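No experiment lies behind these values; they were computed from the predicted model shown. Counting starts at 1 for both ligands and their atoms, following the listed order. Below, each value reflects all heavy atoms present in this structure, side chains not excepted, and no hydrogens, waters or symmetry copies.
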Amino acid sequence: MADAKTINPNAPTSETVLAVKHFTDKTFSFSLTRPPSFKFRSGEFIMIGLMGEVKGRVKPILRAYSIASPSWDEKLDFYSIKVEDGPLTSMLQHIKVGDKVLLGKKPVGTLVCDAVLKGKRLFLFSTGTGIAPFASLIRDPEAYEKYEQIILTHTCREVGELKYGYEIVEAARKDPLLLDIFGEDFGQKLHHIPTVTREDFAMKGRITNLMESGELFKHVPGGAFNPAHDRAMICGSMDMTLDTKALMEKFGLTEGSVSRPSTFVIEKAFVG
Ligand code: A2P
């Protein structure tokens, strides 16, 4: 019989894979069962993992993953990069429906509505798999109650990498819960601005450059950036996060946190 002292209440739970979808040779999404006791705020992240061998010993290999489904959903969605020699993603990219994945117990994070003050427009700036927490937020009614317009930007190197973004935006616009609360015209509150840096595309360039040139603001309702009522969340690589943060500060916003809400928040995207 297990000794009560050896049972760790924070130990990950073992969840079942419900779906897997491969988007490109570098990205895939998957869904897991959600334990009834697992509570989180839309936009938070959690440790995800598999048992693996590290220096000859089998142990849990866990990495931080943004939850890509909203807090009210029955299942948990994730969007992951595939790193060929990554300790976790080299194994995780091969999961199949019915497999087990470890799920941590303590969701945390700053990309939550509680950390950003009320405003008119909420900009969600993402690159690559940094879009994942925003897949959660754009399906949460709270975001649309707090902000009149939500502008999701997603910048990738290649056009093919934008597909996940198109799918989550379409799913949000058709979400029965959001349509029920906000009515038929609800889709007009959500704006999707995909941009590409290394291939030809309608909107070409880094989001930082598109903001500095003013190009982005020609394509969003409300025009130029206004710190009096614009708010932002940032999620991408370390460089993108820091450059976009500097730009927000130049535009007159100040960084907030859950304990001190302000006008923008950041979180770097995690590499599984
Ligand atoms: P670029 O192709 O000009 O490097 P990555 O895969 O390296 O994380 O990049 C994802 C996307 O983020 C790419 O389109 C890339 O543009 C863009 N990006 C990379 N660094 C920055 C940065 N410092 N500021 C804004 N966008 C960036």
Side-chain angles (χ1 to χ4, degrees), residues 21-29 43 45 48 63-66 68 78-90 92-93 109-111 121-138 151-169 191-220 224-225 230-255 263-272:
K21 182 167 177 177
H22 292 268
F23 281 84
T24 67
D25 56 348
K26 294 192 207 89
T27 58
F28 69 110
S29 68
F45 64 87
I48 286 281
R63 295 288 182 272
Y65 270 86
S66 288
F78 301 92
Y79 183 48
S80 178
I81 196 163
K82 302 176 193 176
V83 183
E84 208 163 296
D85 54 358
L88 178 59
T89 64
S90 59
L92 196 64
Q93 63 181 286
T110 49
L111 302 179
R121 297 189 299 187
L122 175 66
F123 286 85
L124 304 173
F125 298 116
S126 69
T127 55
T129 55
I131 195 172
F134 303 146
S136 171
L137 281 162
I138 63 169
I151 296 150
L152 168 67
T153 80
H154 188 212
T155 304
C156 294
R157 295 180 182 199
E158 293 167 15
V159 179
E161 297 171 81
L162 297 173
K163 189 160 183 244
Y164 178 81
Y166 283 107
E167 288 196 7
I168 58 150
V169 168
H191 307 268
H192 178 211
I193 310 277
T195 97
V196 169
T197 51
R198 301 195 189 186
E199 275 184 348
D200 278 342
F201 191 64
M203 178 90 91
K204 198 167 176 197
R206 291 183 168 194
I207 198 66
T208 41
N209 296 339
L210 291 167
M211 278 196 275
E212 281 192 297
S213 69
E215 183 63 22
L216 173 71
F217 304 111
K218 291 183 194 160
H219 299 271
V220 295
F225 201 87
D230 283 335
R231 309 287 177 250
M233 295 189 183
I234 305 165
C235 191
S237 65
M238 182 62 90
D239 284 353
M240 176 275 189
T241 305
L242 294 179
D243 286 353
T244 313
K245 167 184 152 94
L247 202 53
M248 289 300 105
E249 287 167 347
K250 195 172 134 188
F251 284 169
L253 300 194
T254 51
E255 189 177 348
T263 45
F264 83 95
V265 283
I266 66 170
E267 201 129 75
K268 71 174 165 48
F270 313 101
V271 176

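- Compare R206, H154, K26 by their heavy atoms: the one nearest to atom 18 (N) of ligand 1 is in R206.
- The protein heavy atom nearest to atom 9 (O) of ligand 1 is R157 NE, 3.9 Å.
- Side chains of L253 and F123 form no contact here, defined as non-hydrogen atoms less than 4.5 Å apart.
- Near C156, meaning under 4.0 Å from one of its heavy atoms, ligand 1 places the atoms 14 (O).
- Ranking the protein heavy atoms by distance from atom 8 (O) of ligand 1 puts S237 CB, 3.9 Å first.
- Nearest-residue assignment for atom 13 (C) of ligand 1 (options L247, T197, L242; heavy-atom criterion): T197.
- Ring geometry, Y166 versus H192: the interplanar angle exceeds 60°, so the pair is classed perpendicular (tilted spans 30 to 60°).
- If you number the atoms of ligand 1 from 1 as listed, the ones under 4.0 Å from a heavy atom of D239 come out as 23 (N).
- T89 places a side-chain N or O within donor-acceptor distance of the main-chain N or O of V83, the cut-off being under 3.5 Å.
- Distances shorter than 4.0 angstrom occur between a heavy atom of T155 and an atom of ligand 1.
- Only the side chain of T127 comes within contact range of ligand 1, with a heavy atom under 4.0 Å; no backbone atom does.
- The shortest N/O to N/O separation between D243 and ligand 1 falls below 3.5 Å.
- For the pair E267 (side chain) and C235 (backbone), a donor-acceptor distance under 3.5 Å is absent.
- Side chain to side chain, T155 and T127 fail the donor-acceptor criterion of an N or O pair below 3.5 Å.
- At a threshold of 4.0 Å, the pair E255-K245 counts as salt-bridged, since one of the basic side-chain nitrogens sits closer than that to a carboxylate oxygen.
- Residue T208 touches ligand 1 through its side chain alone, judged by heavy-atom distances below 4.0 Å.
- The aromatic rings of Y79 and Y164 sit parallel, their planes meeting at an angle under 30°, below the 60° perpendicular limit.
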